[in-house]
Each structure stands twice: as C-alpha cells, then as structure tokens.
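Taking it in order: structure first as structure tokens, then the write-up.
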Amino acid sequence: MRALTATPAGLELRDALRPPEPPPGHVVVRVTAAPIHPGDLAVLRGTTRVGGLEGTGVVEQAGPGTGGLVPGARVAFFPVPGTWAEWVTVPASLAVPVPEGVSDATAALMLCNPLTASLLLRAIAEAGGGPVVQTAARSSVGTLVSALADGVPLVNLVRNEPGDGAISTSDEDWRDRVRDQIGGGARVVLDAVGGSLTADLAELLMDGGTLITYGLLGSGSTPVEALNLVDRGLTVRGVTIRHWLLRTPEERRADVERAVRIAVDHPELLTVAATYDLAEHAEAVAHVGRPGKRGTVLLTHHEGQS
Ligand SMILES: NC(=O)c1ccc[n+]([C@@H]2O[C@H](COP(=O)([O-])OP(=O)(O)OC[C@H]3O[C@@H](n4cnc5c(N)ncnc54)[C@H](OP(=O)(O)O)[C@@H]3O)[C@@H](O)[C@H]2O)c1
C-alpha cells in the first residue's frame with residue numbers, strides 16, 4: 001500500500017506493508033480521506049513515521065472484541081497515528097461510526113477540530129467566560145468556536161480582510177476598536193497566533209484575565225516579563241488536543257456527541273479547502289500554509305492505485 005512518510009528531508013510517498021490481521025479491540029480500515037492539519041506538519045518535523053492523526057474510512061477487518069464495528073462500517077477516527085496511508089489499524093475505542101448521509105469529506109474533519117473547539121470552550125468557561133477576544137478567527141477552529149460560543153460575547157480578530165464584524169490587526173487602530181467593543185477589557189483572549197502579538201493581546205485583558213494559547217501561527221516572541229502577569233494577576237494557559245484523551249470518559253463522550261451533531265447538522269462548519277491524492281503531497285502541504293485558505297486540506301487516494 002502507499003503511505004506518506006515523514007522523513008527529516010520532508011514527506012515521501014513510500015510503499016509500506018498493509019496492516020496485519022487486527023489484534024483484539026482493533027479494526028483495519030481502508031482510509032477514504034484524511035486531513036492535513038497545520039499542527040500535523042509541525043509535529044512531524046524531524047521524525048520518520050507515517051503521518052496523519054485523523055481520518056475516515058471503511059472497516060475491512062475487525063478483531064475480536066470490537067462490538068458493532070463490522071466490515072463495511074464507515075468510521076471516523078482520531079487520534080490514530082498513520083492516517084496518511086491507504087490502510088490503518090484503529091483501536092475500536094477511537095472509531096466513531098459515521099452517520100448515514102454524512103459525506104467522507106465531512107467525516108474526515110469530524111473529530112479533531114470540533115474536539116479542540118470543545119476543549120477551548122471548556123477552558124473559556126473555566127476562566128470565567130466572556131468577553132472573549134479570539135485571534136485567527138477565520139481558521140477552521142476559530143470558525144467552530146464562533147459558531148459554538150453560545151451567547152459568550154466574542155470579538156474576532158483576523159490579520160487582514162476585515163468583515164463580518166471581524167477586526168483586522170493590520171489596521172492601525174485595531175486595539176482601540178477592540179476596546180470600544182469590550183469596554184473594561186476581555187476576560188479571556190483565545191490565541192492561535194502568539195509571537196510578537198502576545199504583548200498587545202495581554203494588554204486587552206482585564207486585570208485577573210486569562211490568555212489561552214493554543215497555536216503559534218505568528219512570528220517573533222514576547223518575553224513573559226513583558227506581560228505584567230504579577231501586577232495584573234493575569235493567567236496564561238496552554239491548551240492542546242493532545243491532552244483530550246486525559247479528559248473524563250463522560251466529557252469525551254459529550255465532546256464526540258457534539259462533534260457528530262456538527263457533522264450531521266452543520267457540515268458547512270467542516271469546510272474542505274481542497275482534496276489531493278497522496279501522490280500530490282507537495283501541493284497539498286503548500287496549500288496548508290497558503291494565506292487566505294479557508295477550511296482544511298484533505299488527502300485521498302485514487303481507487304485502484306493500491
Ligand atoms: N492546541 C491544539 O491542540 C490545536 C488543535 C487544532 C489546531 N490548533 C492550532 O490552531 C490554529 C488554527 O488551526 P486551523 O486548523 O483552524 O487553521 P486553518 O484552518 O489552517 O486556518 C489558519 C488561519 O490562520 C490564519 N493565520 C495564519 N497565519 C497567521 C498569522 N501569522 N497571524 C494571524 N493569522 C494567521 C489564516 O488567516 P488568513 O486567512 O489571513 O491567511 C487562517 O485563517 C493553528 O495554529 C493550529 O496549529 C491547535
């Protein structure tokens with residue numbers, strides 16, 4: 001089978017062995033689509049392994065103890081290493097049945113970003129709620145946060161092309177315009193940009209507020225001393241989807257149920273930027289970092305090329 005392998009020199013399409021018979025509690029899935037999230041590329045740098053952590057496909061073989069996951073069942077899965085391949089072995093506990101009517105493209109995006117949005121919304125609630133200022137508001141995750149914020153006052157920042165109420169940090173007066181909207185300051189800043197923007201973002205917080213950081217799209221850096229954390233009683237908190245499996249089973253079940261509901265009722269929130277064959281990985285990776293991209297890049301494979 002073909003598999004997209006990360007090497008220190010970059011991604012390579014290699015021939016790999018098809019997965020063996022699935023062990024107990026696992027299924028072998030023929031992958032139909034798998035996303036390239038921006039974070040996938042950062043994590044893979046300098047490693048040698050098949051990439052991808054999320055995907056969707058059809059169960060081909062089910063090991064003992066996999067419940068209702070019979071061959072032919074459509075499933076989505078995350079976090080499962082090695083989804084940029086034609087087949088992958090998936091723990092049954094991480095395989096989510098795809099409801100009828102949900103397309104492969106939507107199913108491929110059904111878990112990672114909605115689960116991240118759930119973690120971020122929980123972190124916002126733990127920090128006391130709104131008003132919230134969020135950066136990279138037109139990102140896939142930012143779009144989900146906006147849609148799910150459920151009444152939490154939210155000011156959206158983008159780096160260019162203001163509109164739909166979003167304020168562009170390229171405009172000279174962006175800080176004043178944010179302050180006009182949030183009055184006494186933001187209780188939470190939700191930030192995927194970081195770098196040199198961090199100092200400005202911390203300035204927008206009310207005393208006692210929380211900066212939640214979950215991405216590093218920007219450049220430059222801000223020394224922690226510049227944030228005046230002590231005098232202003234500010235909190236800086238990192239959130240990562242890599243800790244999602246540490247949440248309680250009840251929280252995880254609720255997060256997955258919400259993710260499935262989004263896929264069924266609001267597939268427009270799980271936008272595909274473009275779809276590429278595994279062999280077109282260079283174009284696909286270039287697309288991931290393209291300014292103005294909307295949605296997530298998907299990898300797929302043409303039938304009959306295994
Ligand atoms: N912590 C976690 O567990 C976790 C999980 C998922 C995602 N993330 C992070 O969340 C961020 C968004 O991910 P995504 O998949 O939603 O992204 P995405 O759909 O690929 O969108 C990227 C967005 O970021 C904007 N952007 C890119 N560089 C920027 C910069 N220097 N300053 C301001 N905005 C910039 C782009 O704006 P333009 O339209 O202007 O190009 C675009 O709207 C990434 O940093 C990702 O690594 C973290």
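For ligands, and for the atoms within them, numbers begin at 1 and follow the listed sequence. This structure is a prediction, so every number in the text was calculated from the model and none was measured.
For ligand 1, one of its N or O atoms has an N or O atom of Ser140 under 3.5 Å away. When only interatomic distances are considered, the shortest N/O to N/O separation between Pro291 and ligand 1 does not fall below 3.5 Å. Distances between N or O atoms of Val193 and those of ligand 1 include no value under 3.5 Å.
Distances below 4.0 Å separate heavy atoms of Lys293 from the following atoms of ligand 1: 18 (P), 19 (O), 20 (O). Distances below 4.0 Å separate heavy atoms of Val141 from the following atoms of ligand 1: 6 (C), 7 (C), 16 (O). Every atom of ligand 1 with a heavy atom of Gly215 under 4.0 Å away is listed here by number and element: 45 (O). Set against the non-hydrogen atoms of Gly292, the atoms of ligand 1 under 4.0 Å away are 38 (P), 39 (O), 41 (O). Atoms of ligand 1 found under 4.0 Å from any heavy atom of Asn160, numbered from 1 in the order shown, are 40 (O). Each of the following atoms of ligand 1 lies closer than 4.0 Å to a heavy atom of Thr240: 1 (N), 2 (C), 3 (O). In the vicinity of Arg138, heavy-atom distances shorter than 4.0 Å reach the ligand 1 atoms 43 (O). Close contacts between ligand 1 and Ile241 involve ligand atoms 2 (C), 3 (O) [criterion: under 4.0 Å to a heavy atom].
What sits closest to atom 22 (C) of ligand 1 on the protein, heavy atoms only, is Ser139 CB, 3.8 Å. The protein atom (non-hydrogen) at minimum distance from atom 47 (O) of ligand 1 is Gly39 N, 3.9 Å. From the protein, the heavy atom lying nearest to atom 10 (O) of ligand 1 is Tyr214 CE1, 3.2 Å. From the protein, the heavy atom lying nearest to atom 15 (O) of ligand 1 is Pro38 CD, 3.3 Å.
By the 4.0 Å heavy-atom criterion, Gly295 is counted among the residues contacting ligand 1.
Between Ser140 and His37 there is no side-chain heavy-atom pair separated by less than 4.5 Å. Inter-residue side-chain proximity for Arg175 and Arg179 is flagged as met; some heavy-atom pair is nearer than 4.5 Å. Put simply, the side chain of Phe78 reaches to within 4.5 Å of the side chain of Leu53, judged on heavy atoms. Considering only heavy atoms from C-beta on, Leu245 comes within 4.5 Å of Leu94 through its side chain.
Remark: Arg242 CZ is loosely packed, at most 12 non-hydrogen atoms of other residues, nucleotides or ligands lying under 6.0 Å away. Within 6.0 Å of atom CD in Glu100, 12 or fewer heavy atoms from other residues, nucleotides or ligands are found, so the atom counts as exposed in its surroundings.
Between the side chains of Asp191 and Thr135, at least one donor-acceptor pair of N or O atoms lies under 3.5 Å. Under the 3.5 Å distance criterion, with hydrogens and angles disregarded, no donor-acceptor pair is assigned to the side chains of Glu126 and Thr210.
With distances taken over non-hydrogen atoms, the option nearest atom 45 (O) of ligand 1 out of Leu197, Leu217, Val297 is Leu217. Between atom 41 (O) of ligand 1 and the options Arg159, Arg290, His287, His243, the minimum heavy-atom separation is to Arg159. One option in Ala192, Ser196, Ser219 has a heavy atom closer to atom 11 (C) of ligand 1 than any other, and that option is Ala192.
If you look at Arg294 next to ligand 1, the close heavy atoms, those under 4.0 Å, all belong to the side chain.
Residues near Val70 contribute nothing to a hydrophobic cluster around it, because no ILVMFWY side-chain heavy atom sits closer than 4.5 Å to its side chain. Taking Ile, Leu, Val, Met, Phe, Trp and Tyr as hydrophobic and joining them when side-chain heavy atoms fall under 4.5 Å apart, one finds Val236 in a cluster with Val133, Val155, Leu157, Ile167, Trp174, Val178, Ile182, Val189, Val193, Leu197, Leu201, Leu204, Leu205, Leu211, Val224, Leu227, Leu229, Leu234.
No side-chain donor-acceptor contact under 3.5 Å links Trp84 to the backbone of Thr300.
With Val28 as reference, Thr89 is the one residue of Thr89, Val88, Val90, Val59 to meet the side chain to side chain contact (heavy atoms under 4.5 Å, CB included) rule.
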